[in-house]
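As structure tokens, the structure follows; a few thoughts come after it.
Quick note: residue numbers are just sequence positions, from 1.
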Amino acid sequence: MPAESTAPAAPTVIVRSLPGRLGALVVGAGALWAVLTIWAADGARNGAQALAWGGLVTLAVWALWWAPQLRLDADRLTIRNAWRTHIVAWEAIETCRTRWALEIVTTDGAVVRAAAAQRAGGLRTSLRRRQALRRAESTGRGANWEQVHSGVREDFLTGEGAYRTGMDSEQAGDLIEAYAERRTQHGGIGPGARSATGAPRADPREGAHALNPDSRAPRTPRPALRSQWNRPPLILAAVLCLLLTATALA
């Protein structure tokens, strides 16, 4: 009878800025009101020009405050910035750098910057570290544990369902490293994963050939990092620029 999988629970964690999204909605509503007012008062030409300018301003705010997002799933980390989306397998994450912004470094040396988690101010960081030291003293875990895991909630690693939260770069970096470590070392995908019997677990991407190495056919390995352009905002930006040019020349 095959051994049962001991893969840990894998909640989905979405990191994005709630205040930023609310701000983007406010800016978008204000731009829409201005466009409608100008269109009604000054006619279609000026209204179309206002639409182009309002659309570009709203698009810029969307790119800064709404679009950036981190999504931690069982099999991958998805980093969505305004114009590009990057997908990284957990076993390919080497470390996270958080000095100036959140940067994910892969095992092959690629660096991806995540706009969803910005660097916190010095006062906020200092207060959080003091709280971490107090928790370490009260729980008896020691300062080193809290310094490594100060930004990680246990339910983000072992819970179920989906969680949505906002984090700064240091907290998000701690969470990504802890999530990646859990997925690759405790029964998840990637190198080092083991079954309930302690035997090495075959990588699920290898399919049936993993059970019989002699019959394994040559295959192209999945890239550690996949990136793609976000086409809708690029197309919208081009359309708004064309509209602005057309109204200026009319």
Side chain Thr106, main chain Ala110, donor-acceptor under 3.5 Å: yes

Side-chain donor or acceptor of Asn81 paired with backbone N/O of Ala115 under 3.5 Å: yes

Least distance between heavy atoms, Trp39 atom then Gly47 atom: CE3-C, 3.4 Å

Any donor-acceptor N/O pair, Arg80 side chain to Ala67 backbone, under 3.5 Å: yes

Value rounded to 0.5 Å, distance of CD1 in Ile93 from CD in Glu181: 12.0 Å

Any Arg113 side-chain heavy atom under 4.5 Å of Leu102 side chain: no

Short side-chain donor-acceptor distance under 3.5 Å, Gln118 and Ser169: no

Donor-acceptor under 3.5 Å (Gln171 side chain, Val152 main chain): no

Check: Thr58 side chain, Gly55 main-chain N or O, donor-acceptor pair, under 3.5 Å: no

Interatomic distance, Trp65 atom CH2 to Leu18 atom CG [nearest 0.5 angstrom]: 13.0 Å

Minimum heavy-atom distance Trp90-Asp73, with the two atoms named: NE1-O, 2.6 Å

Main-chain N/O of Leu157 paired to Arg182 side chain as donor or acceptor, under 3.5 Å: yes

